[in-house]
Amino acid sequence: MKIFIATKNKHKLIELERILKPMGFDVLSEIDFNGNFPDVEENGETFAENALIKAKNGLINTGLISVADDSGLCVDYLGGKPGIYTARYAGVPTDDNKNIDKLLSELKGVEKSKRTAKFVSAIACVFPDGRQFTVTGECNGYIAEKRLGENGFGYDPVFISEKGCFATISPEDKDSVSHRGKATKKFRDEIKKYL
């Protein structure tokens with residue numbers, strides 16, 4: 001069965017493909033449609049709302065079952081920021097290194113016990129017949145005082161999970177504890193009810 005992943009983020013695409021392909025889905029992305037789809041304004045107030053906006057845009061452009069993820073980092077000391085503004089925390093155009101620099105600057109001198117944070121992932125799925133659902137996964141951890149490792153993307157070099165820094169652990173270990181890994185497991189259970 002064909003399923004469209006509505007993302008321009010190649011890292012998210014890889015992570016979602018890694019989990020959806022073994023479920024028997026023929027995973028498609030914008031690359032398979034010879035061109036870039038217009039950007040959609042992510043003006044929701046929650047991760048779930050933004051994921052639905054992106055998934056609906058994917059359905060409009062492809063006519064296929066469409067899946068989208070909206071995810072981000074919520075730091076307790078910063079009152080939940082960057083939250084839904086995670087990708088553009090340091091401004092537009094988005095830049096992972098600038099985002100990390102801003103985050104580390106805002107947490108400079110803050111003790112480890114107050115650097116708690118969580119990654120949140122909301123995955124939305126919309127069907128051509130109008131049905132839709134969203135699931136959410138979370139991964140708790142804390143923010144390191146400096147970058148660690150070379151793997152991953154986004155804030156992975158400064159996020160420490162129960163398995164270690166996201167930028168230093170294997171993709172399999174990351175999937176086992178990550179927000180997106182947990183959300184996709186829920187997605188796998190939920191989509192069975194719709195097919």
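Fair warning: this is a prediction, and the values are worked out from it, not measured in the lab.
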Identify the heavy atoms of [X] and [Y] that sit nearest to each other, and give their distance.
X	Y	answer
L28	K2	CD1-CD, 3.9 Å
D96	G154	OD2-N, 3.1 Å
A51	A68	O-CB, 3.4 Å
T86	S71	CB-O, 4.4 Å
I191	F127	CG1-CZ, 4.2 Å
C74	V120	SG-CG2, 4.2 Å

Between the side chain of E190 and the main-chain N/O of K186, is any donor-acceptor distance below 3.5 Å?
no
N61 (side chain) donor-acceptor with N57 (main chain) under 3.5 angstrom:
yes
So, are [X] and [Y] salt-bridged, with charged N and O less than 4.0 Å apart?
X	Y	result
K54	D69	no
K8	D39	yes
E145	K108	no
R147	D101	yes

So do the side chains of [X] and [Y] get within less than 4.5 Å of each other, counting heavy atoms only?
X	Y	answer
C139	K118	no
I143	V75	yes
L52	N50	no
N43	I53	yes
S66	V126	yes

Could you check whether N9 and T7, counting side-chain N and O atoms only, form a donor-acceptor pair closer than 3.5 Å?
no
Are side-chain N/O atoms of Y89 and E106 paired as donor and acceptor at under 3.5 Å?
yes
Tested for side-chain contact (heavy atoms from CB on, under 4.5 Å) against S29, the lone hit among L13, T62, L16 is L13
How many angstroms lie between [atom1] in [X] and [atom2] in [Y], if you round to the nearest 0.5 Å?
X	Y	atom1	atom2	answer
F187	T136	CZ	OG1	13.0 Å
L59	F4	CG	CZ	10.0 Å
N140	I160	CG	CD1	14.0 Å

The side chain to side chain donor-acceptor pair (under 3.5 Å) partners of N99 (sequence neighbours excluded) come to none
Let me know which of F153, Y142, F166 forms a ring-ring contact (aromatic ring centres under 6.0 Å, His included) with F159.
F166
Is it the case that over 12 heavy atoms from other parts of the model lie below 6.0 angstrom from the NZ atom of K81?
no
When the ring centroid of F47 is compared with that of F119, is the distance short of 6.0 Å?
no
Across all chains, not counting sequence neighbours, the side chain to side chain contact (heavy atoms under 4.5 Å, CB included) partners of K185 are R188
